[in-house]
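Here's the structure, in structure tokens; my notes come after.
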Amino acid sequence: MSVRVRIAPSPTGYLHVGTARAALYNYLFARHHNGVFILRSDDTDTERSTQEFSDDIVASMRWLGLEWDEGIIVGGPHETYRQSERLGRYQEVAAGLVEAGKAYYSFATPEQLETFRNEARREGMSPAYDGRYKVSPAEAEERLRTGESATVRFAVPRPGETVFEDVVRDEVRFDHVQVDDFVILRSNGTPTYHLASTVDDVDFEITHVIRGEDLLSSTPKHILLTEAMGAEPPTYAHLPLLMGPDGKKLSKRHGHTALAAYRDAGYLADAVVNYLALLGWNPGDDDTVVDRAAMIERFELDRVSKNPAIFDAVKLEWMNGVYIRGMNADAFIATVTPLVEEDLGRALTADERAVLAEMAPLVQERAKKLTEIAPQMRFLFAEISYDETSWQKVMAKPDAGRAIRSAREVLARLDDFSTNSVEHALRGMLETEGLNPRKGFQPLRVALSGSSVSPPLFESVAALGKDRTLARLDAAAVAIDAAS
RNA sequence: GCCCCCAUCGUCCAGCGGCCUAGGACUCCGCCCUUUCAAGGCGGCAACGGGGAUUCGAAUUCCCCUGGGGGCACCA
């Protein structure tokens, strides 16, 4: 039987990094086994589900490159892949279970249940509802007829026990006193997550359920439901949860949890994928940078860690730098050009594009995030302003003015503004002025770029060209005089 | 409170009875390279939670404790 797996986000929020990782693992598992990867929308909570979240999920999945074979948007043999469109099917299953005596109409009031739980808790017993307020089928029918509202609950076999073999956790067992007679159909007729999700998994012939550990204790319910439907339960694999730096479940207060936020912050999809993949899985050796093909090739569920993993933003950033440096020159220029144009608020001219292409490799090896790049190249295409800290650190020093004036003089006499020629001229200036590179070059850097941190100096001068270089040196000299 | 899961450097992983003087990556700290910042090179700091048991031998197996996490809804 071929592998069929799914990721089933609920459009009640943006695609969370934890969900993204679960999606990635499902994807890698499917690709590794030449199986089918499905994207389903678990949108039974109509109150909280929105189109915006749904769009975000699709966009984020595509950005990561986790193409799905069946599911929302792309369709497939099991249309539809949206739970909100399958309500009839869930009701049908629920009715069948009631018919078979495996589920029942429940009239237990919230107050009764609350009281039961409190009491159980007080006595040190399991707070899982044991169905004690169940009424006879005849009575249920009668009360239903009089218009009384009811939920449908699954009748958990008691006493009993559910044992299953989890791929990452090995054998897990739950005594049924810990499993409540859970609601499968709300009093308004809509299915709960347990019902909808399980029915879909059965109908879509899901073979492996790979999901977060937070669902581990719900698994007996899903197995019981599956069996009650007369189907074979899938293989389960529960992934360790993602934590924030404080060791608590990753949430908004830890920073970005919406995957799209990382895209917007200048991260590369491949870097995020690589980082997420290694957060709880390892390829079997000490490799850290692993491309997608290698991940697919080497992915195994039994190499998934059991430990919760703390999301380390610093390491992600490092990895992003690795991927930026790994881009080929053309690809880098292609992704960076629109960013620079957006930053400037205008399109680049052909000449400017040539300058950008020239300078691109220099900023490429320095960037950790795409968002750092435009600000670093801005001085090439727009007027500058001096960074306050840089000014204090460099321009307020005694030799700054001298270096700038001397450089201005030397460069003014220079016709060949190639990098080599500029370097030769400026090093000559250092010598005649008796300045070391730090004292002699840093002021020039600030004069030209506005900051003490910039791409390499000689290349920058060459890229700016003679006119603008001289103008900026003049302006800096004036500014220094004015400041002293 | 009840149940489940987990436990190696600060963090992510390796280790699946002797190859461990516990390995790699990020971070941090030195040094080198160097026009700034990065990158890169070299080196360094840093961990098997505690107690029993099994064994000739335990980070690796078993038990207890402790600690951390998750779940216990007409939310998913």
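Just so it is clear, the values below take in all heavy atoms, side chains as well, and ignore hydrogens, waters and symmetry mates. Below, chains carry the letters A, B, ... as their sequence lines are ordered, and counting in each starts from 1.
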Q.
I want to check one thing: is the phosphate of rG15(B), taken as OP1 and OP2, less than 4.0 Å away from some side-chain N or O of R303(A)?
A. yes
Q) OP1 or OP2 of rU36(B) sitting under 4.0 Å from any side-chain N/O of R366(A)? A) no
Q | Nearest-angstrom distance, C1' atom, rC42(B) to rC48(B) | A | 28 Å
Q: Report which part of the nucleic acid T192(A) touches: base, sugar-phosphate, or nothing (heavy-atom distance under 4.0 Å, all strands).
A: sugar-phosphate
Q. How is R122(A) classified with respect to the nucleic acid when contacts are heavy atoms under 4.0 Å: base, sugar-phosphate, or nothing?
A. nothing
Q: Nearest-nucleotide wise, let me know which of P191(A) and E171(A) is further upstream toward the 5' end of RNA chain B.
A: E171(A)
Q) Does atom CD of E300(A) have more than 12 heavy-atom neighbours from other groups under 6.0 Å away? A) yes
Q) Checking all strands, does M319(A) fall into the base, sugar-phosphate, or nothing category for heavy-atom contacts under 4.0 angstrom? A) nothing
Q: For nucleotides rU21(B) and rC26(B), find the distance between their C1' atoms and express it as a whole number of Å.
A: 25 Å
Q. Does R445(A) make a side-chain donor-acceptor contact with the base of rU35(B), cut-off 3.5 Å?
A. yes
(Q) Between rG49(B) and rU60(B), how many Å separate the two P atoms, rounded to a whole number? (A) 8 Å
**Q.** Given W318(A), Y262(A), F311(A), the one that forms ring-ring contact (aromatic ring centres under 6.0 Å, His included) with Y275(A)
**A.** F311(A)
Q) Across the strands shown, which category fits F311(A) at heavy-atom distances under 4.0 angstrom: base, sugar-phosphate, nothing? A) nothing
Q. side-chain hydrogen bond (donor to acceptor under 3.5 Å, both in side chains) with D181(A): which of Y133(A), Y129(A), Y104(A)?
A. Y104(A)
Q: Return the 5'-most residue of the pair K315(A), P456(A) with respect to RNA chain B, ranking by each residue's nearest nucleotide.
A: K315(A)
Q: Describe the nucleic acid contact of T151(A) in one word from base, sugar-phosphate, nothing, applying a heavy-atom distance below 4.0 Å.
A: base
Q | R325(A) vs rG40(B): side-chain N/O to OP1/OP2 distance below 4.0 Å | A | yes
Q. With sugar-phosphate meaning primed atoms plus P, OP1 and OP2, does S187(A) contact a base, only sugar-phosphate, or nothing at under 4.0 Å between heavy atoms?
A. base
Q) Mind checking who rC19(B) pairs with, Watson-Crick or G-U wobble, both distances under 3.5 Å? A) none
**Q.** Phosphate OP1/OP2 of rC13(B) contacted by S305(A) side-chain N/O (<4.0 Å)
**A.** yes
(Q) I need the NZ-P distance between K368(A) and rU27(B), as an integer number of Å. (A) 7 Å
Q) Across the strands shown, which category fits L215(A) at heavy-atom distances under 4.0 angstrom: base, sugar-phosphate, nothing? A) base
**Q.** Heavy atoms from other residues, nucleotides or ligands near OH of Y193(A) exceed 12 (cutoff 6.0 Å)
**A.** yes
Q: Any strand is fair game: report the nucleotide pairing with rG30(B) by Watson-Crick or G-U wobble, both distances under 3.5 Å, or none.
A: rC42(B)
Q.
Which nucleotide, if any, forms a Watson-Crick or G-U wobble pair with rC12(B), using both distances under 3.5 Å?
A. rG24(B)
Q | Within 6.0 angstrom of E47(A) CD, more than 12 heavy atoms from elsewhere | A | no
Q. Quick one: is N307(A) getting a side-chain N or O under 4.0 Å of the rC6(B) phosphate, OP1 or OP2?
A. no
Q.
Strictly below 4.0 Å: does R427(A) bring a side-chain N or O up to OP1 or OP2 of rU35(B)?
A. yes
